[in-house]
Amino acid sequence: MEIYVVPDAPATGVIAAGILAAVVRSKPNAVLGIATGSSPIPVYKALAAHGLDMSQVRAFALDEYVGLRAGHPQSYAEVVRREVTEQLGLDPARVAVPDGGAADPHQAAVNYDAAIREAGGIDVQLLGIGHNGHIAFNEPGSELDSRTRVEVLADRTRQANARYFRSLEDVPTRCITQGLGTILEARQLLMVVRGADKAEVLAAALSGPVSPDCPGSVLQLHPHVTVVADQAAAMHLGACNAQVRVQIATPSP
Ligand code: F6R
């Protein structure tokens with residue numbers, strides 16, 4: 001595992017975008033796993049600035065709410081369209097988000113898992129982490145080998161995401177999420193974390209026990225992981241084991 005510690009959120013974007021850009025340069029038809037939430041926003045901004053030919057790139061989102069109306073501005077389909085597809089110049093037909101409006105969301109989840117496999121698997125999966133250790137929407141208690149499925153959102157996750165909705169009541173209670181086993185099949189994992197409020201959970205994920213109690217701890221099971229954290233999020237990483245290479249990086253603007 002490689003950990004980059006950078007001064008601030010824009011720098012997390014520069015470093016992570018450099019890693020994604022290298023993947024796309026070496027494989028113009030790369031399959032990217034994309035995340036929503038606030039952590040990856042600087043990554044997409046910095047990646048757009050690379051001006052790469054993204055016409056052959058495919059992308060799969062990590063998760064989607066169940067039950068929002070089509071076109072809801074906070075549905076991840078819309079967030080991905082605004083922040084990823086349009087910004088990076090991706091072909092919308094090559095960008096997939098789980099179908100949270102499906103009549104049978106359980107079947108939609110199974111189909112999504114199959115679609116990732118049929119696309120040849122994900123080359124690099126971008127991730128954030130929730131305060132309770134979730135990655136994608138795999139809440140604590142998720143099986144380490146879980147597949148894409150319907151999940152109930154934890155209260156803490158709904159509270160954290162209420163900032164995007166008018167009220168807590170408007171935040172959906174269910175989602176479709178890639179499973180931990182699905183995520184672990186990506187050839188490379190790239191986690192972006194920022195803020196002191198994530199410092200404890202980041203240290204737990206990277207150096208605590210591998211356990212469903214902290215879904216992000218599955219990163220320790222993957223052979224090719226890069227974590228890009230700002231200094232505040234990295235403040236408890238001193239205790240990480242010796243296999244972890246921490247680099248202080250100051251990207252030039
Ligand atoms: C989003 C996702 C979530 C977020 C996590 C952190 O697609 O899968 O796991 O990465 O909730 O969110 P932020 O970055 O907003 O703190």
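Indexing begins at 1, ligand by ligand and atom by atom, following the structure's order. One is the number of the first residue; the rest follow in order along the sequence.
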Might you work through the side chain to side chain donor-acceptor pair (under 3.5 Å) test for R149 and N138, ending with a clear yes or no? CA-CA 9 Å; R149 67 197 186 286; N138 292 281; 2.9 Å; yes
Decide side chain to side chain donor-acceptor pair (under 3.5 Å) for N132 and H134; before the verdict, give the C-alpha distance in whole Å, the side-chain angles of both, and the deciding distance to 0.1 Å. CA-CA 6 Å; N132 62 0; H134 73 226; 3.1 Å; yes
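Under a 4.0 Å criterion applied to the non-hydrogen atoms of G37, ligand 1 contributes the atoms 14 (O), 15 (O). In the vicinity of L62, heavy-atom distances shorter than 4.0 Å reach the ligand 1 atoms 8 (O). Each of the following atoms of ligand 1 lies closer than 4.0 Å to a heavy atom of R163: 15 (O). With ligand atoms numbered from 1 in the order given, ligand 1 contributes 1 (C), 2 (C), 7 (O), 8 (O) to contacts under 4.0 Å with heavy atoms of D63.
Taking each of G130, G195, G128, A136 in turn, the one with a heavy atom nearest to atom 3 (C) of ligand 1 proves to be A136.
Residue, atom and distance of the protein heavy atom nearest to atom 13 (P) of ligand 1 are S38 OG, 3.4 Å. At the top of the distance list for atom 14 (O) of ligand 1, counting protein heavy atoms only, stands S39 OG, 2.5 Å. The shortest contact between atom 6 (C) of ligand 1 and any protein heavy atom is with I129 O, 3.4 Å. In this structure, the protein non-hydrogen atom closest to atom 5 (C) of ligand 1 is H134 NE2, 3.4 Å.
How far CG of D230 is from NZ of K198: 10.0 Å, rounded to the nearest 0.5 Å.
Contact between A203 and S207 at its shortest, heavy atoms only, is O-OG, 2.7 Å. Summarising the geometry of V84 relative to L90, their closest heavy-atom pair is CG1-CD1, 4.0 Å, with the distance given to 0.1 Å. In terms of heavy-atom proximity, A199 sits nearest to H236 at CB-CD2, 3.7 Å.
Look at K198 and you'll find a heavy atom under 4.0 Å from some atom of ligand 1.
Using a cut-off of 4.0 Å between Lys/Arg side-chain N and Asp/Glu carboxylate O, R174 and E151 are scored as not salt-bridged.
The 12-atom threshold is not exceeded at CD of E143, counting heavy atoms of other residues, nucleotides or ligands nearer than 6.0 Å.
Checking only distances, F137 never comes within under 3.5 Å of ligand 1, N or O to N or O. Residue T36 has at least one nitrogen or oxygen atom sitting less than 3.5 Å from a nitrogen or oxygen atom of ligand 1, judged on distance alone.
Within the 4.0 Å heavy-atom criterion, neither part of L127 lies near ligand 1.
Under the rule for a side-chain hydrogen bond (donor to acceptor under 3.5 Å, both in side chains), the partners of K27 that lie at least two apart in sequence or sit in another chain are D123.
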